[in-house]
Amino acid sequence: MAMSGGRGAPGRTTMSEINVTPMVDVMLVLLIIFMVTAPLIQQGVKVNLPDARAQPVEATEKRLVLSVDREGNTYIGDTPVPSDQLEEKLRANAKAQADKEIYLHADRDVPYGAVVEVMAAAQRAGIPAVGMITDPAGAPRKKDRR
Amino acid sequence: MQPTRLARLLLFPLALLASRGYAQAPILEISGANFRPLPIAIPAPQALSDDARPAAASFDEALVLDATAAAIFQVLDRKSFLADAREGFTAASITFSRWADVGADALVKVQLAVDGTSLRGEMRLFSVASGKEELRLVHVVPLSEPRKLAHFFADALYRHYTREPGPFQTHLAFIHRVGKNREIWLSAWDGRDAVVIAKDGLNVLPAVAPDGNSVAFTSYRSGKPDLYRERPGAPPVLLVSAGQMATGIAYAPDGKHIAYSLAQGDGTNIWMANPDGTDAHAVTDTSYFINSSPSWAPDGKRLAIVSTRAGSPQLYLLSLDNPKDPRRLTFQGNYNQTPSWSPRGDLIAFTARDERNAFDLFTVNVDTGKVNRLTQDQGNNSEPSFSPNGRLIVFTSTRNGPPQLFVMTADGKNQMALPMERGEFDTADWGP
């Protein structure tokens, strides 16, 4: 209830805090990208995943998965969603907005540009972290999933 | 074929039990730091015929409002939905993974059909994780009252998840300011479907009567304030006309008594009477101070009142066994008013003027005296009234300019305006 103080002290204008606004701006531009191993993700959309030797992140919780198949069609989960609707759907998606993280499940033969477009849509929708699902190199490849 | 049919026969009662689902449903604990609203998907209801479409739109608006105001759900944005618009109405025909992908834990599907002059609604509640139907309800209302159907289903959802009665089939009485006149209105909990109770002159301090169909209020129609009770389309009934002014009626929880304040001579005291005004007797007897604004405890044995016996208006607890010795409840601030005792018993909400001369809402814990602030920096907020289940509070706020009715949880969260028509409204009482 005590709300007095801090107001109306003329002459004392020294700012004693660091201005964090520019730093926050920079943070928002960054998109966090990490690798996720494929066997942990069971997905209905069939894509041929790229191999990668990067240190993978263990997927512990189930995240929303965006898929891009060989023809460049985009999916949320296993529901086809045209790429121009991805941003709106993701912005309204309570799960993605709560996790602030999605997994991207794209075919190895999809053009780099198509993948970046999906990542950009996620970033514009306010989801700063994208996990790239890959087949861990050397691991026995699981084809014909589902 | 024979064993299959036998199995179906055996399973049928089990399926019925499962559709009741009360035994397995998770219970949402409403209070506490770990409370997380349940993500619920409520797609638009399916109108089974074209003539059900206008009712479906009103129904939809009311159901989404109730689910949002309940504050136990996170109502998911329909723009995110991935399911096919023609998706079915049974567990077998629903693709639950698509609902899981939008973050839903629960899915509510409704079908509406017009049958002559009535509207028939069927609601099914599904658990997205298990893919099972948890609740199935059919309810019929007059076609002209689709919002009533929504309130019925909303209460059922509320009860399913909390084991507590929902607040959505109850009523509000409130004041509509028209020029210098103050009209009394009675409406559904959300301020809609409102009917006028008292139109001309100055009518204030309404209280929903225990039957939910009439309102008791203070009116200046005779030249001085008296207490009346009125229902739509019937003449007013005079309850109390005594002293210089009788104001601020409050019904006991069992409906068998009324309390009000009566000014006589130099003092204003709390009085009690039968609901028709007979057998009136004073409860407090201070000669020079003001005692007013009674609000009953749910046990019917105590009243919260405002008294100026210590100088400024403060809240006091008064036991009807020992009304001469009330216990002071508020010590901060110099202007604490309009107590509303939660039907759950633990809290009393009230209006206080803070040190910047703004009116805001607070609760005080009856046992510990701990004060909790509910509103701040949002215009003036006043006249709280608890929902009959004690979980929500309706109040008047000037945050958008003219006074309007708002609702929030008992701890001040989820504040939202009631979807009323344009106008100036205040002093709501939330009753049965």
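Every heavy atom of this structure was used, including side-chain atoms; hydrogens, water molecules and symmetry mates were not. Here is the naming used below: chain letters follow the sequence lines, and residue numbers restart at 1 for every chain.
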Minimum-distance pair of heavy atoms, taken over all atoms of A:Pro80 and B:Arg98: CD-NH2, 4.1 Å
Shortest non-hydrogen separation from A:Asp78 to B:Asp101 and the atoms involved: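 In this case the closest contact between A:Asp78 and B:Asp101 is N-OD2, 4.0 Å.
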Engaged part of B:Ala100 at the chain A interface, taking heavy atoms whose separation is under 4.5 Å: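 The backbone, not the side chain.
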Residue part contacting chain A, namely of B:Leu82, when any heavy atom lies under 4.5 Å: both
Point-to-point distance, once rounded to the nearest 0.5 Å, from CD of A:Glu88 to CG of B:Asp77: 8.5 Å
Interatomic distance, B:Phe81 atom CZ to A:Thr79 atom OG1 [nearest 0.5 angstrom]: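 The OG1 atom of A:Thr79 is 12.5 Å from CZ of B:Phe81, to the nearest 0.5 Å.
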Donor-acceptor under 3.5 Å (B:Lys79 side chain, A:Lys89 main chain): no
Atom NZ of A:Lys100 with >12 non-hydrogen neighbours under 6.0 angstrom: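 Check passes, neighbour count above 12.
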